[in-house]
Every structure is written in C-alpha cells, then in structure tokens.
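Remarks on the structure that follows.
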2 protein chains.
Amino acid sequence: MAGPPRLTDPSRAAGEMPATPPVPAAPSRATIIDVAAAAGVSRQTVTRAMNGMSGISAATKERVLAAAERLAYRPSRFGRGLVTGGDHQLGLVVNDLRNPYSPQLASAVYRLAAEQGWNVMLADTTLAGDADRIVQALGSQTDVVIGYLGNRRERWTELLGSVPMVELDPSVDPPTAAVWIDPAESIEALADHLVATGVRHPVVLDNSQPGQPSARGVLMLDALHRRGYLPELVHGPHGTAECGAEETARVLARRRRLDAILAFNDVMALGVLQACRRAGVDVPGDLRAVGVDGLPLGALVSPTLTTLAVDLDAVAREALDLALGMLAGELPRSGATVQRTVRHRLLVRESA
Amino acid sequence: MAGPPRLTDPSRAAGEMPATPPVPAAPSRATIIDVAAAAGVSRQTVTRAMNGMSGISAATKERVLAAAERLAYRPSRFGRGLVTGGDHQLGLVVNDLRNPYSPQLASAVYRLAAEQGWNVMLADTTLAGDADRIVQALGSQTDVVIGYLGNRRERWTELLGSVPMVELDPSVDPPTAAVWIDPAESIEALADHLVATGVRHPVVLDNSQPGQPSARGVLMLDALHRRGYLPELVHGPHGTAECGAEETARVLARRRRLDAILAFNDVMALGVLQACRRAGVDVPGDLRAVGVDGLPLGALVSPTLTTLAVDLDAVAREALDLALGMLAGELPRSGATVQRTVRHRLLVRESA
DNA sequence: CTGAAAGCGCTTACAG
DNA sequence: CTGAAAGCGCTTACAG
C-alpha cells in the first residue's frame, strides 16, 4: 500500500511537473515468467523443475530452482488449478469449535474426506463476528458444503448460491439434502429409564430462548408428559457448561423437589454436574443428570455422564455420501429432497 | 465416469466400423461460455448477472440467472481467483482434533484470522493415514502455514516448499520462524508449589517413548531433581486420557509411595484423576495431580485440575503476526530466524 | 533435453 | 445497457 502523498520530494528536480508519484509498486509475487527470465529458460522448463517432472537436465533444474528460491517464487494455486482442475474441496460449517461436539464431528469428516482424497475447509460460524462473509467465502472455495445452518439457513443458502449443500440436523422443513439426527427413539428409551429408576420431578434444561423451545426440548417434554410427569422447562441461552451450571444453581435454589435434569447437550450436563457438586447435591443419589451427544468427555467425569449418544462417524459418512452423490449427478441437486437419518441411542452410565 | 464399454450398440448401423466408443463425456461443469450461449448474451453479461454488478437490465439478469440455474453453473474459483487474486488463505496444521487442545488453538486462530479477512484451512495430521499428502495439499492451497510439525518437521518443510511457515512449539533447533511455548518458568513455580505442599515422591508421566523423553518431561525431572527429589519418569505412548489412566493404574499398582503425578498434558491428567478414583486414591489428599495446557475442561472435573496454562490467544496472535509479517516482506523468510515466546503459567486449582 | 503455441475460466477496462 | 479484446499464471500436448 502506498503511504500518504508526500508534499515535497527531494529526488525531484525543482520546477519539474510532478508526474505519477514515485510509489514503489506493491511487491507483487514473482510469476513463472519472472523465474524463467531469471534462469534464462522458458516457462515450461520452470514448470518441469518446480514439479519434479522428467525431461530436464540436472544442471538446468538446479539453476531454475535457485532462481525460484531467490525470487521467493510460489506457483499460483489459481493458475495451476485452472489447468489441472485442482483438488476436490469440501466445506464444513460448524457452530463453535470450543464445544467439543464440533471438533468431534470435524474429526470424523476429515478422516473420511481424506480417505477419498478430498481436502476440507472448516468454517466456524459462532466465532466470527462476520459469519456471513465466512460462509460465502467457504462456498466460493469449495465444491460442496455440509454443515450446520441453524436458524440462519435461509440467508446462508442464498449466499452459498449454487454450491451443492447437505444440511446437518435441520430444525424444520426439509431443505435440499440433509442428514437428520433424530433423538426421538432414544428420548423414549430415556423416559422409560427415568420411570424405572423412580424419578418423580424431572426438569428439561433446554438451550433456547423463552417461548422458543428447541425441537429436542419439545420431544423431551412430550415424552415425559405422556408418562404422567409435569416437567418444567428451563431455558439456557448458551449451550455451554457455564450456562448449564448457572441455570442448574438457579433451579436448585428455587425448587424444593427436583430429582432429574435432562440437559440439551453433554456440555451443559457437565455444568449440571458441577453445580450439583457445589450445592452438595449427590448425583445420581439425589438427582439424575443426562446429556445429549455422547462425547468421550462424558466418560472422564465423575459420575460418568448418561447421555443420548450420536454416532458422528455415521453422520459424517451419510453426509459425505450425499454430498458426493450430488456432485456426481446421481442425486438431485434440488427439487426432490434427499435425506438420511442417524438416530441417537441411550447410553446409560453413572449419572442416571 | 464412463461405464464399461458396451459390446453392442443398437444405435449404430450394422457393418459400420466402431469409431470412438460412444462414451458420454464426463458431465463436465458448465462454464461461463455455456451460460452465455444458453442465455444468448456475452460472457461479461453473465459475470454481471452472477456477481450482482450494475449495468445490466433486470430482464437480462433474470434470463441469465435462469440459464445458470438450469445448467447448474458455478463460477470456477480458479478462473476467478486468477484475475481477482483471490482471498488470503491461511493454513493451520494441528495434531489431533480429538484432543481439546487443538480446537482450542484453532478457535483462537480462526477468530484472529477472520478479523483480518483471512480464510483458514485446517489440516489434522494425526487422523489422516496420509498426512504427507494433506500437508502438501495444504501448502499448495494457502499463502502461509502455521502449526505443529512435531518430529516430521524436516519432511513437511520440504513438502511445503516455498510456502512461508511459522512453526508452533518446535522441539529442537530453531527453524525459520517459530512461536515457542515455554513451560520452564511455570515448571519451576510448580516444583516450588509441590515442595510447599509437602510432596515427597513425585512421578512424571510423559508422553513419549522410552529413551526419548519430551523436552517438557526433561524440564520437569530437572526441576524436581534440583529440589532434592528422585522423580520417576513414566512413558505414556499416546497423550490421551485413556493412556493417562492406564499408566497411572500401572504405577499405582507398582509403587508403594507416590504422592504426585505431573502429566504431560491436561487430557492425560484427566486420565490420572479417573484412575485415582477407580483405585480409591484421594486427589489431592493422597496424591496430587497436575496437567499442562490450561484447557477449560480442567475446571469442569472434580477435583478441578491444577495445570500449567498457556494463553492460546497469545500463541495465535504471535503466530499470525509473524506469518503476516513474512508475507508482507517485513520479516525474513529464511536465514535469520524470527521467533516469539509465550510462557505457561502455573494455575493452581484443586488437584494439587 | 528444451521451447513456441494453445488454452484452462474468469474479470477488467474499454468501446459502443 | 451490452459486447469484443486482453490478460490473469499456469500446464499440456506438440515440435524440434
């Protein structure tokens, strides 16, 4: 970038009309042409040297590489990609890398993608103030996108334009292609389990705003109602352990009778456990706690966390299968919706 | 992809010599030319419509967009990038997304990068069987790379070629540019703390192979030695909670006197806590446990984990600063090494 | 072993 | 409001 215009320029002879200001051009990157010139060879000889191709003498190669080094030459990924077609690039949209769920999912996606020779670009939409830009950038750099769109689905689908997209765990009406992560059956199993273990007064700790319970929270409430419970719904705005602990402390202080908390996810449930410890409430003796996700983390705490586990390898597999199918033109890109479902399963550990 | 060659082709007149087999060309992506032809306009009119530029009538725009939709047209990122220069792209190499340390670091890097308008590509080198390919792909798609190279530094530096690189937490001799993460001072503070709390028989649980202790393990042993301890060194091959628990169980079974375990990282320390619970060993009453990293996770378990915390925001900031400086040509790309240091600090919680 | 030519798909001035 | 021309940086045949 050029600095502010100088009012006087000592190198300029007095009286001369100032032509273009003496701004040194931005140190633009060396191109293959520059290297060719510096090494006294043609472009394709530079290509041969840089890419370790045959048909070049050792001496020439060395001379070219030296010139490249000297000029800090790097082949443009665009120039190369234009002619080679480039690698396959998968975009993955996650909510917040700081919630262990995201890296766990990302990990599964990366592994499967790598097996297919695909590269992965990750976008974290919670971290960035400017999530819209991030999503758009992701779309423009990738061949297909999979991930969580949450309540910004419409906007982001727009931004993604014609990039094929597989939505993970959509909240409502079916989009083009999606992998549903369905807790319904496991929630029934959990409710039965709570009945069997003598729970009387359960609370659902949702990650939501008042008046807008999550689909998951609604399913939990409903399953409990159908079994004769009168469950309370608590709204936790953040889905973090801190938030889980805070809301739990509040409920514990307020309610006399309360012997189970069903948290929106494992991380919030960890907060539940922490708040119970602080309040001297024994889990599972006095109160049973349950999370959702099945993170490995839940097996490391004490008591170990009972949870509705989801097989993230399966989610990744279905999503990739869908994505690759759409690209190959085997599946519709729009119109008829293509969907897969992965179900949670009840994983009983110590906390309930 | 074409199917197997058909032996008979009903559409071909009998007796005709089979010319090229009737293989439908792979459904190659539509280009701007195809869209222009379909809409009956020129290429740059298509550009105007696709990019929401001015100087195009509503009717034309609509016609072009319809044609684009019909042909499933997506602008090539290479064609566009070649002329626009493309977005800045940062590569980040991490060890294993399943260790919470990695997403924590990635999270910090993503946030800072996004603030600067940079995109980030992540490579997980532990997951992929084919880490070399992943690293090379990362290098060819990005403008600068930062991350963990571990003991494969030499090979990967080679693969990265002329991509500017900032190494995180290098193990030995200084590479081109690096951010050191230095636990030395915090280890001294920790050793003093252990002395003050009356520890007599500490064990260092390293993440290493026998005969090749980590630099961190060596510092711990040395600090303990200098204070008159005779610490034992235990090698944990994996750096995971499972591994930490396993080695701890083994040591507990073998050693009579043992009142502190200094683990290589927080995740292993979580395994230590778990093994102690199972063995009925009270922490910190019977045994003190310490981790390294300062993961938020350590505050969620009971007892909360005493640790040597590292400020990952600072690490990310220094690394990005170095990387951007190298790109801007303000810092040397090779020769003189450029380095920064971020120090751990002792974070005393409940476990020690 | 080396080079001249063509072309990948797009955008940016510039003319009309 | 629309289009003809040039060019971004590279690689892939093809000639020599």
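Numbers restart at 1 for each chain; the letters A, B, ... are given by sequence-line order, proteins then strands.
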Checklist entry - When you measure from every atom of DNA chain C, which of residues 54-65 of chain A have a heavy atom less than 4.0 Å away? => result A/Gly55, A/Ile56, A/Ser57, A/Thr60

Item to check | Short side-chain to backbone donor-acceptor contact, B/Arg133 and A/Ala114, under 3.5 Å | outcome: yes

Checklist entry - Taking only residues two or more places apart in sequence or in another chain, which ones pass side-chain hydrogen bond (donor to acceptor under 3.5 Å, both in side chains) with B/Arg317? => result none

Next on the checklist: Tell me if a side-chain donor or acceptor on A/Arg43 pairs with a main-chain N or O of A/Ile32 at a distance below 3.5 Å.
Outcome noted: no

Checklist entry - With no hydrogens and no angle check, is any side-chain donor or acceptor of B/Ser102 less than 3.5 Å from a backbone partner on B/Asp96? => result yes

Checklist entry - At under 4.0 Å, does any side-chain N or O of A/Ser42 touch on OP1 or OP2 of C/dT2? => result no

Checklist entry - Is a donor on one side and an acceptor on the other found under 3.5 Å between the side chain of B/Arg155 and the backbone of B/Asp132? => result no

Checklist entry - Stem ranges for DNA chain D, with three or more consecutive Watson-Crick or G-U pairs under 3.5 Å? => result C:1-3 with D:14-16, C:5-12 with D:5-12, C:14-16 with D:1-3

Show me, pair by pair, the donor-acceptor contacts under 3.5 angstrom made by side chains of residues 52-65 of chain A, not counting sequence neighbours?
unit_1  : atom_1 : unit_2  : atom_2 : d
A/Ser57 : OG     : A/Thr60 : N      : 3.2
A/Ser57 : OG     : A/Thr60 : OG1    : 2.7
A/Arg63 : NH1    : A/Ala39 : O      : 2.5

Next on the checklist: Please determine whether a side-chain nitrogen or oxygen atom of B/Thr47 lies at a distance below 4.0 Å from atom OP1 or OP2 of C/dT11.
Outcome noted: yes

Next on the checklist: In the structure I gave you, are the side-chain heavy atoms of A/Asp321 and A/Arg340 within less than 4.5 Å of one another anywhere?
Outcome noted: yes

Next on the checklist: Tell me if a side-chain donor or acceptor on A/Tyr110 pairs with a main-chain N or O of B/Leu122 at a distance below 3.5 Å.
Outcome noted: yes

Could you list the protein-to-nucleotides 5-9 of chain C atom pairs, N/O on both sides, closer than 3.5 Å?
unit_1 : atom_1 : unit_2  : atom_2 : d
C/dA6  : N6     : A/Arg43 : NH2    : 3.1
C/dG9  : N2     : B/Gly79 : O      : 3.1

Item to check | Interatomic distance, A/Asn51 CG vs D/dC10 P [rounded to whole Å] | outcome: 10 Å

Next on the checklist: With a 4.5 Å cut-off on side-chain heavy atoms, are A/Met165 and A/Trp156 touching?
Outcome noted: no

Checklist entry - Is atom CD of A/Glu158 surrounded by more than 12 heavy atoms (other residues, nucleotides or ligands) closer than 6.0 Å? => result no

Checklist outcome for this item: B/Arg48 atom CZ is separated from D/dT2 atom P, nearest whole Å, by 8 Å

Checklist entry - So what does A/Val41 hit on the nucleic acid, given a heavy-atom distance under 4.0 Å: a base, only sugar-phosphate, or nothing? => result sugar-phosphate

Please tabulate, for the side chains in residues 142-151 of chain B, all donor-acceptor contacts under 3.5 angstrom to protein atoms that are two or more places apart in sequence or on a different chain.
unit_1   : atom_1 : unit_2   : atom_2 : d
B/Thr142 : OG1    : B/Leu138 : O      : 2.7
B/Asp143 : OD1    : A/Arg77  : NH1    : 3.2
B/Asp143 : OD2    : B/Gln89  : N      : 2.7
B/Tyr148 : OH     : B/Tyr101 : OH     : 2.6

Item to check | Atom-pair distance (CE on A/Met53; C1' on C/dC1), nearest Å | outcome: 13 Å

